[in-house]
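The structure appears below as C-alpha cells.
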Amino acid sequence: MSIYDTLNEQQKKGVFTTEGPVLLLAGAGSGKTRVMVHRIAYLIEEMGVNPFNILAITFTNKAAGEMRSRVDKLIGFGSEQIWVSTFHSMCVKILRRFADKIGYDTNFVIYDTDDSKAIVKEIFKKLQLDSLHIKEGAVRGIISRAKDELISVEQFEKDAAYDYKERKIAEIYREYQTTLKKNNAMDFDDLICNTVKLFKEHPQVLANYQERFQYIHVDEYQDTNTAQFELVRLLADKNRNLCVVGDDDQSIYKFRGANIRNILGFEETYPNATVIKLEENYRSTQNILDAANAVIHNNVRRKDKSLWTRKDGGNPIHFRQFDSADEEAEFIAYDVKSKARELGLPYSDFAVLYRTNAQSNLLEKACKRAGVPTKIVGGISFFSRKEIKDVLAYLKTIDNGKDDLAVKRIINIPKRGIGATTILKAQVAADEEGISFYDVLKKARSIPSLAKSADKIEKFTDLIEYFRHRLENYTVIDLMDEILAKTGYIQILEEDGDEDALDRINNIKELEADILAFYEKNEEATLSDYLADAALFTDLDKLDDEDVPKLLLMTLHAAKGLEFPNVYIAGMEDGIFPSSQARSSESRDELEEERRLCYVGMTRAMNDLTLTYAKYRLLYGGYGGEYRAVSSFIREIPNELLDNKPQVRRTRDFDDYGDDNVFASSFKPKAIARAKQTERMPQMAKEVKALNQISGLAKGSDMNLGDLDYTVGDRVRHIKFGDGTVTKIDREPRDYKVTVDFDTAGTRIMYAIFSKLKKI
DNA sequence: CACAGGTCTCTTTTT
DNA sequence: GAGACCTGTG
C-alpha cells in the first residue's frame, strides 16, 4: 500500500502527470492541496527529482508553510530544500540578489499601500494637480493596474498621447516611479514586474532560474495577474513542467488585477496541456454544496463543472433575519456559544465571514458580551500600526538612507521642533541638488534655507549616524533597544497616558519578539531581509499560533483556502453583499465576482452554514443608516435548502413609502445621498416613521413622542448595555435623547426610539 | 513652528 | 466614528 492509494482517480492523474503543462481545475474542497503535496512527494520519491529543483508558488505565507510541512510529513525528510513561497516573497529573494542589474540597490525597501499613498499625495502637491478632477486613490489604482499589465511608463505615455487626463496620469506614473527609484524602494507591484524586467533584460539570470526550477507549481492560479502569468511563463519556458491549480469559480481578486483569462485560456497558451478536473468535494455536506452550486450557476462566464459529495443531506442552510445589525451580531454570538456547548466543539471550529472589515466591530463586541473569545483576521494589520511603523521607519532609515519617506516619518518623532515647513524646505533643496532628502539633512548647515534649523537637524542626523555605526556590531534587536532608549519613544507613550498607550507598548514588545524569532530562524539574515519579511507579512499567516481556541472573524476574501465545520456569513443584504458598487455597475463582471465570493464563503463550511440578514444597518458612525433588501444571493438558493424562507421583500416593494423613500437611498448617485445628509432632519423623521412601520419598534403608527414609560431616575434595561439609571432626558425635534448611566457599560447617550429601553 | 480644535471624507475586498 | 486635513492661536 503506497501513500498514493488513498487518492481518487482524478487526483492520481494529477499526481502522476508530472511532465509537461498541467491544468488542475480543482473545485472547492476537492483536495487540491493534497494533490499538490502528493505530487511533490511523488516527484522526489519516485521520480528522483532533487527537492532543490522544485518550485511551488502559493497565495499566502501560511499556505506555503502548510504545504512544506505536509510534504515533510508525507516523505519524512528534506522539504526545506523545496522552494515554496508566495509570488512576492519569491521575487524579493530574486531581486535581493540581482536588483543592481536593473538599477536598484539590493537592499531596496518595500513600500506598502500607505507608503505608496503618501508618495502619490506628495506628487499631487508637487505637480499642483488639485484642478485635475481625479482622485489620488483612483490614480494609484490606475498605476497599479498598469503595472499588473506590465505597461511601462513609456508605453503608458504613448497610449495616453491624445487624452489630457491620461497624459496627466502618465506624468504622475512617471514621477511615482522616479520617486520610488530615488528612494530605492519598490511597491508590491514592482516586485513582480521588476523581476519580469530582470528576466527579460538578463537572459543569463533567467536561464539560471530556469535551470533550477525544473518542476513548477502554482496554487490559486485563477488569481494571478498578467505580470505574474508572464513571470511563470518565463520561468517554465525551458522545461515546461508547469502545473497550475485553480478554480475559476473562486477568482475573487479581479479588483487587484487578477486576470481570469490566465486560467480560462491556459489551454491556448499551452495547447498540449493535460486538463484534469477534480469534482469530488470532501469538505461539505450535500445541502451546502447544492446551495453553493445553485448560486454559482447564475454566473455566465465560467467553466462548467459541478461538485458532488458523498456526505448526503446534512443540516439545512440556516437563514435568519433581523431588524438591526446589532441583533444580528447578538444572535451570532449566542448561537456560536450554544452550538459550541451543545456539540462540544472548540470555538476555533466556528468562523464568521463578512463582506467588509467595518462589519467586524459589532460582531466582536457582541461576542465579548456573550463571553465568546474571538480573533479578528485582517483588518488593520499589525505592521500598519503607528508605533510599529515608527520603529520600522527608524530601522529603514538606518538601513537605507535613500528612503525619504521613512526619514520624513521619524524626523520629528519624538518632537524635535522640526515641522512641516522645514521638511518642505529640505525637500526643495534636495530636488535642486538632486540628492536624497537625508543627504540634504546631513549638510543642512551649508544650505541657506535650512541654516536656522541646522542645530535641530544635526542632532537628528547625528543620532542616525550613530545608530548606523552600531549596526555593524549590534544585532538588530540590540539596535532596536537602543533606538527606543535614545529616542525615549516608550517613555513618551507612557507619559502621554493615552488610553491605548499600553497597547502600543505591548505592540512594540511583540515586534521585538517577532524580530527575535526571525533571526533565530534566519541567522544570516540582514536588516533588509527582516524589513522585507515584515512588509510582506499578513495577519492570515499567523492563524495557527493561538493558545486559546477562538472564534474567527474575517472577511470573505481572507477566508479563501480555509475551511471550518461551522460557518456564518453575516450581512446578506443587497448593497452590502453584493456591494452597492457591484450592484450598480454597468457590467455584470463585478456582480459575478461578488457571486464567486459568495460561493467561496459558502463552500468554506463543512457541516453547518448560517446566513444572516439585517434589515437596518448603520454604516459609518451612525450617518450611513439604511434599510436594505435581502441579498439577491439568498434568493438564488432554492427555498427547500433553507430552514427559513426569506420574506421576499424586493427593493421595489419599499417604494410604498414615497418616492423620496429611504430604501432607495443606497441606490442613488452619491451626490444625492450627500445632499440628503445635509438636510437630514426631515429625512430622519421619515426614516423613523418607516422604521416604526416595518420593524414595529414603537407601538402605533405615530412616533409616540409623548409617552416614554420611564423618566429621570428610573432604572432601565438595554438589550446591549444591560441595566442602568436614566440621568437625563432631552427633548429633540424628532425624538428624545436619553442619557443613561449603565452599571457596567458606562454612560451612554441614545435616541429613545432606537434604544428600546425598558423600565424595570 | 507646534498644537488644539474644528471640519470633511471615507468604505469594498489585499499581496 | 476614525483619520486626514485645515485653521487659528500662542
Side-chain angles (χ1 to χ4, degrees), chain A residues 57-64 85-92 110-114 116-118 121 125 130 135-137 141 144 147-148 186-192 220 223-225 227-228 251-258 353-362 377-381 383-384 386 412 414-425 452-453 456 500 532 535-541 554-560 571 575-585 590 593-594 596-598 600-601 617-625 666 670 673-674 677-678:
Chain A
I57 305 173
T58 60
F59 199 68
T60 62
N61 295 315
K62 181 179 188 287
S85 67
T86 63
F87 271 105
H88 295 271
S89 54
M90 174 178 85
C91 289
V92 171
I110 299 166
Y111 275 1
D112 64 17
T113 314
D114 287 342
S116 94
K117 253 188 221 165
K121 186 167 289 174
K125 272 212 183 103
D130 306 334
K135 295 218 181 82
E136 289 165 15
S144 177
K147 291 186 188 182
D148 289 343
M186 298 191 198
D187 64 17
F188 290 138
D189 304 314
D190 286 332
L191 294 175
I192 313 289
E220 309 281 13
D223 287 326
T224 53
N225 61 35
Q228 289 162 335
S251 160
I252 54 173
Y253 284 106
K254 188 162 173 280
F255 73 92
R256 205 173 69 189
L353 314 181
Y354 36 80
R355 180 65 181 84
T356 66
N357 278 308
Q359 289 166 254
S360 66
N361 231 328
L362 278 182
V377 181
I380 301 171
S381 126
F383 285 100
S384 54
K386 217 180 281 151
N412 202 30
K415 302 253 146 60
R416 296 187 176 90
I418 305 172
T421 320
T422 309
I423 292 174
L424 194 70
K425 282 180 191 157
K452 259 204 313 209
S453 346
K456 296 170 183 167
D500 41 55
L536 296 177
F537 176 89
T538 66
D539 275 7
L540 202 56
D541 303 333
M554 66 184 99
T555 63
L556 289 147
H557 283 88
K560 193 174 68 156
I576 297 284
F577 188 34
S579 75
S580 50
Q581 5 322 37
R583 265 186 105 273
S584 56
S585 163
E590 279 190 59
E593 176 139 319
E594 297 277 314
R596 290 193 291 271
L597 192 56
C598 185
V600 167
R617 182 183 298 277
L618 293 165
L619 269 196
Y620 357 87
Y623 274 107
S666 59
K670 260 189 183 158
R674 199 167 304 133
Q677 271 192 10
T678 55

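Chain identifiers are assigned alphabetically (A, B, ...) following the order of the sequence lines, protein sequences preceding nucleic acid strands; residue numbering begins at 1 within each chain. Only heavy atoms go into these numbers, but all of them, side chains included; no hydrogens, no water, no symmetry mates. Note that the structure is predicted; figures quoted are calculated from it, not measured.
Of the candidates dT15(B), dT13(B), dT11(B), dT15(B) carries the atom nearest the Phe188(A) side chain, counting heavy atoms from C-beta on. Of the candidate nucleotides dT14(B), dC1(B), dT15(B), dC1(B) has the atom lying nearest to any side-chain atom of Ser453(A). Taking the side chain of Thr421(A) as heavy atoms from C-beta on, and the options dC1(B), dT13(B), dC3(B), the nearest nucleotide is dC1(B). Set against dT14(B), dA2(B), dT11(B), the side chain of Lys415(A) has dA2(B) as its closest nucleotide.
Atom CD of Gln359(A) is separated from atom C1' of dC10(B) by 16 Å (rounded to the nearest Å). Rounded to an integer number of Å, the gap from Phe87(A) CZ to dT14(B) C1' is 15 Å. The interatomic distance linking Asp187(A) (CG) with dT14(B) (C1') rounds to 13 Å, in whole Å. Put simply, CG on Asp223(A) is 11 Å from C1' on dT15(B), counting in whole angstrom units. Summarising the geometry, the separation between NZ on Lys147(A) and C1' on dT15(B) is reported as 14 Å, rounded to the nearest angstrom.
Within the 4.0 Å cut-off from OP1 or OP2 of dT14(B), at least one side-chain nitrogen or oxygen of Asn357(A) is found. Under 4.0 angstrom from either OP1 or OP2 of dA2(B) there lies at least one side-chain N or O belonging to Asn412(A). Distances shown here put a side-chain N or O of Thr555(A) below 4.0 Å from the OP1 or OP2 atom of dT14(B). The side chain of Thr422(A) contributes an N or O atom lying less than 4.0 Å from OP1 or OP2 of dC1(B).
With Tyr354(A) contributing its side chain and Leu556(A) its backbone, the two residues share no donor-acceptor pair below 3.5 Å. Under the 3.5 Å distance criterion, the side-chain polar atoms of Asp190(A) are matched with a main-chain donor or acceptor of Asp187(A). Of the possible polar contacts, none joining the Arg416(A) side chain to the Lys456(A) backbone as a donor-acceptor pair under 3.5 Å is found.
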Anything under 3.5 Å between a protein N or O and an N or O of nucleotides 4-10 of chain C, put it in a table, one pair a line.
{"from": "dA4(C)", "atom 1": "O3'", "to": "Lys121(A)", "atom 2": "NZ", "distance (Å)": "3.2"}
{"from": "dC5(C)", "atom 1": "OP1", "to": "Lys121(A)", "atom 2": "NZ", "distance (Å)": "2.3"}

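For the pair Ile192(A)/His88(A), a side-chain contact is recorded, criterion being any heavy-atom separation below 4.5 Å from C-beta on.
Contacts of Ile576(A) with the nucleic acid, taken as non-hydrogen atoms under 4.0 Å apart, are absent. Note on Gly137(A): nothing from the nucleic acid sits closer than 4.0 angstrom, heavy atoms only. Within 4.0 Å (heavy atoms only), Glu593(A) reaches no atom of the nucleic acid at all.
We find that the ring of Tyr253(A) and the base of dT13(B) do not stack by the test of centres under 5.5 angstrom and planes tilted less than 30°.
Taking NZ of Lys560(A) as the start and CG of Leu353(A) as the end, the distance is 14.0 Å to the nearest 0.5 Å.
Under the rule for a side-chain contact (heavy atoms from CB on, under 4.5 Å), the partners of Asn225(A) that lie at least two apart in sequence or sit in another chain are Asp148(A), Ala227(A), Gln228(A).
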